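Have a look at this one.
Remember, it's a predicted structure, so these values are computed and weren't measured experimentally. All ligand and atom numbering here is 1-based and tracks the order in the structure.
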Amino acid sequence: MRNIFLKGINTQSMNSQPLIEILESCIGCNKCVEVCPRYLFSIENKKAVITNFDPCHDCGHCLAICPVDAIIHHRMIMNTLEEDFPPVGKSLSYDQVLETIRQRRSIRLFTDKIVSDEDISKLIELGRYAPSGHNHCRVSYTVINGRKEVEHILENMIQLFKKMKKQLNSKIISFFAILAGKGKFFAQARRNLYRLESHIYHWEKGIDKVLHYSSTLILIHVDRTGSPIEDCNIAAQNIMLGAPTLGLGATYIGYLLKSWENSEKIREIIGLPDGHTLYACLAIGYPKNKFRRLVPRPESRVTVRG
Ligand SMILES: Cc1cc2nc3c(=O)[nH]c(=O)nc-3n(C[C@H](O)[C@H](O)[C@H](O)COP(=O)(O)O)c2cc1C
Ligand code: SF4
Ligand code: SF4
């Protein structure tokens, strides 16, 4: 066994063990060198050694690639290699992936059937395996479960929309917005005012076109800098793509995100952990309607250089 301490970071390993050990069974194939994003491996005398001391970020790629299971990583193998690193299964075909992506729909009318805790956990499990900047894996989830709780948030969103409507109709606020150089932003918001008015009007008639009668919200947030927006939203997309496999639908609710940003009351109700910022909101539930067809989309705008 070749025990290699990673200088400066072996304190992160457990029980002062070396973080990574390379077994004598190493065949020097170079694959760990090729996949490690942190330049941690090199080959000496036809065996892998650790020669660079960038902090390992626990991506697990070296263990997942080694053809002879010659790497032991003390932060990553918590149970057994078989459990923590199960073999890669058969890939879906391009057509299957495209079909899954094309079949995902934003659901605008959920039934009142409650999503089970087990299914919520399964959805969050989909987010768990999303990529994250520097493999931070810090994305966190707050689940609002129960129509009563969801409606409480919705009521407060409607209050916010009413307040915004008042502000957008105010000549004085418009004047000061122009003075502050925010005239364009204000004019754009005014052009979209009809949407807020429509949401207010319909909710007052008991029609929920804001959260779509959902009884479950999955709110995705994170507590540190790096790539928080991307991390949360990629996790959200994983969840949206996987939801139909459980008979569920998911809809990204930008209105709730904006409401969280603009309403202290809504932030208070949602109550994220200290220092966390909300970056993605999903309404979850059982779709009332079944789509018969896929939908068209404009051609992608692509520029190829070189
Ligand atoms: C950033 C973002 C914000 C969105 N906000 C809302 C929203 O507040 N309410 C809603 O019903 N749909 C919302 N959507 C869903 C889009 O409107 C939807 O993707 C679009 O209508 C296309 O339909 P599809 O998702 O079924 O392909 C949002 C999507 C994104 C990416
Ligand atoms: S991938 Fe495994 S066998 Fe190949 S060089 Fe690295 S430790 Fe050795
Ligand atoms: S876990 Fe990732 S970063 Fe760490 S040594 Fe292995 S490949 Fe490199």
**Prompt:** Going by atom types only, do Thr51 and Ser42 share a side-chain donor-acceptor pair under 3.5 Å?
**Reply:**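 Note: Thr51 and Ser42 side chains meet the donor-acceptor criterion.
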**Message:** Using heavy atoms and a 4.0 Å limit, tell me yes or no: is His212 in contact with ligand 1?
**Reply:**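 Distance cut 4.0 Å: His212 passes for ligand 1.
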**Message:** Less than 4.0 angstrom from a charged side-chain N to a carboxylate O is my criterion; do Glu125 and Arg128 meet it?
**Reply:**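 Here Glu125 pairs with Arg128 in a salt bridge, since their nearest N and O are under 4.0 Å apart.
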**Item:** Polar contact flag, side-chain donor to acceptor under 3.5 angstrom, Gln159-Glu155
**Value:**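 On atom types as modelled, these side chains do not qualify, holding no pair under 3.5 Å.
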**Request:** May I ask you to check whether Gly254 has an N/O atom sitting below 3.5 Å from an N/O atom of ligand 1?
**Result:**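 Among all N and O atoms of Gly254, at least one is under 3.5 Å from an N or O of ligand 1.
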**Message:** Can you count the protein N/O/S atoms lying under 2.8 Å from atom 2 (Fe) of ligand 3, leaving waters out?
**Reply:**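 Count of protein N, O, S atoms less than 2.8 Å from atom 2 (Fe) of ligand 3: 1.
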**Request:** For atom 4 (Fe) of ligand 2, report each protein N, O or S atom nearer than 2.8 Å, sorted by chain and then by residue number.
**Result:**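 Less than 2.8 Å away from atom 4 (Fe) of ligand 2 sit Cys29 SG.
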**Message:** Is it true that, when you exclude Glu264 itself, more than 12 heavy atoms of the residues, nucleotides or ligands shown sit nearer than 6.0 Å to its CD?
**Reply:**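 No - once you tally the heavy atoms of other residues, nucleotides and ligands closer than 6.0 Å, there are 12 at most.
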**Message:** One pair to check against salt bridge (charged side-chain N to carboxylate O under 4.0 Å, His left out): Lys162 and Glu197. What are the steps and the verdict?
**Reply:** CA-CA 8 Å; Lys162 284 183 179 169; Glu197 287 174 334; over 6 Å; no
**Message:** Quick check on His276: does its NE2 atom have over 12 non-hydrogen neighbours (other residues, nucleotides or ligands) under 6.0 Å away?
**Reply:**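 Counting neighbours around NE2 of His276, more than 12 heavy atoms of other residues, nucleotides or ligands fall under 6.0 Å, so yes.
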**Request:** Would you mind running through ligand 2 and noting each atom that sits below 4.0 Å from a heavy atom of Ile71?
**Result:**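 Near Ile71, meaning under 4.0 Å from one of its heavy atoms, ligand 2 has 7 (S).
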**Message:** Suppose we measure from atom 29 (C) of ligand 1 to each protein heavy atom; which comes out shortest, and what is that distance?
**Reply:**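 For atom 29 (C) of ligand 1, the nearest protein heavy atom is Tyr252 CB, 3.9 Å.
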**Prompt:** So, Tyr252 versus Asn233: side-chain donor-acceptor pair below 3.5 Å or not?
**Reply:**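 Side chains of Tyr252 and Asn233: pair found under 3.5 Å.
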**Prompt:** Applying a 4.0 Å heavy-atom criterion (strictly less than), which segment of Leu256 is in contact with ligand 1: side chain, backbone, both, or neither?
**Reply:**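 Within the 4.0 Å criterion, Leu256 makes no contact with ligand 1.
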**Request:** Please check if the side chain of Asn156 supplies one atom and the backbone of His152 the other of a donor-acceptor pair under 3.5 Å.
**Result:**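 Yes, Asn156 side chain to His152 backbone: donor-acceptor pair under 3.5 Å.
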**Request:** Would you mind listing which atoms of ligand 1 come within a distance below 4.0 Å of any non-hydrogen atom of Thr251?
**Result:**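 So the atoms of ligand 1 that pass are 10 (C), 11 (O), 12 (N).
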**Message:** Counting only heavy atoms closer than 4.0 Å, does ligand 1 sit against the backbone of Arg108, its side chain, both, or neither?
**Reply:**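 It is the side chain that gets close, since no backbone atom is under 4.0 Å.
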**Asked** Would you say His73's side chain and Arg75's backbone share a donor-acceptor pair under 3.5 angstrom?
**Response**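 Yes, because the side chain of His73 sits within donor-acceptor range (under 3.5 Å) of the backbone of Arg75.
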**Prompt:** If you measure from the Lys or Arg side-chain nitrogens to the Asp or Glu carboxylate oxygens, is any gap between Asp231 and Arg138 under 4.0 Å?
**Reply:**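 Looking at Arg138 together with Asp231, the answer is no, because their closest N to O distance does not fall below 4.0 Å.
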**Prompt:** Just which atoms of ligand 3 are under 4.0 Å from any heavy atom in Ile20?
**Reply:**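 Those of ligand 3 that fall under 4.0 Å from Ile20 are 5 (S).
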**Item:** Arg104, Arg297, Arg105, His199: member with heavy atom nearest to atom 23 (O) of ligand 1
**Value:**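 Checking each option, the heavy atom nearest atom 23 (O) of ligand 1 is found in Arg297.
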**Asked** Can you list the atoms of ligand 2 that are under 4.0 Å from a heavy atom of Ile43?
**Response**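 By the 4.0 Å cutoff, the relevant atoms are 5 (S).
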**Item:** Criterion ring-ring contact (aromatic ring centres under 6.0 Å, His included) on Tyr141 and His221, from CA distance to verdict
**Value:** CA-CA 6 Å; Tyr141 303 85; His221 46 95; 7.6 Å; no
**Request:** Identify, for atom 19 (O) of ligand 1, the protein heavy atom at the shortest distance, and state residue, atom and that distance.
**Result:**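 Result for atom 19 (O) of ligand 1: Ser106 OG, 3.4 Å.
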**Request:** Look at the side-chain heavy atoms of Ile, Leu, Val, Met, Phe, Trp and Tyr, link any pair under 4.5 Å apart, and say whether Leu256 and Leu272 land in one connected group.
**Result:**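 Yes, same cluster.
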**Request:** Assess Leu23 for proximity to ligand 2: is some non-hydrogen atom of it under 4.0 Å away?
**Result:**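 Under 4.0 Å: no for Leu23.
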**Request:** Drop me the distance from Glu21's CD to His74's NE2, to the nearest 0.5 angstrom.
**Result:**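 If I round to the nearest 0.5 Å, the distance is 3.5 Å.
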**Main-chain N/O of Val33 paired with Asn30 side-chain donor or acceptor, under 3.5 Å** =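 No.
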**Message:** Determine whether a donor-acceptor pair (N or O, by modelled atom type, separation under 3.5 Å) exists between the side chain of Thr111 and the backbone of Lys288.
**Reply:**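 Not confirmed, Thr111 side chain does not pair with Lys288 backbone.
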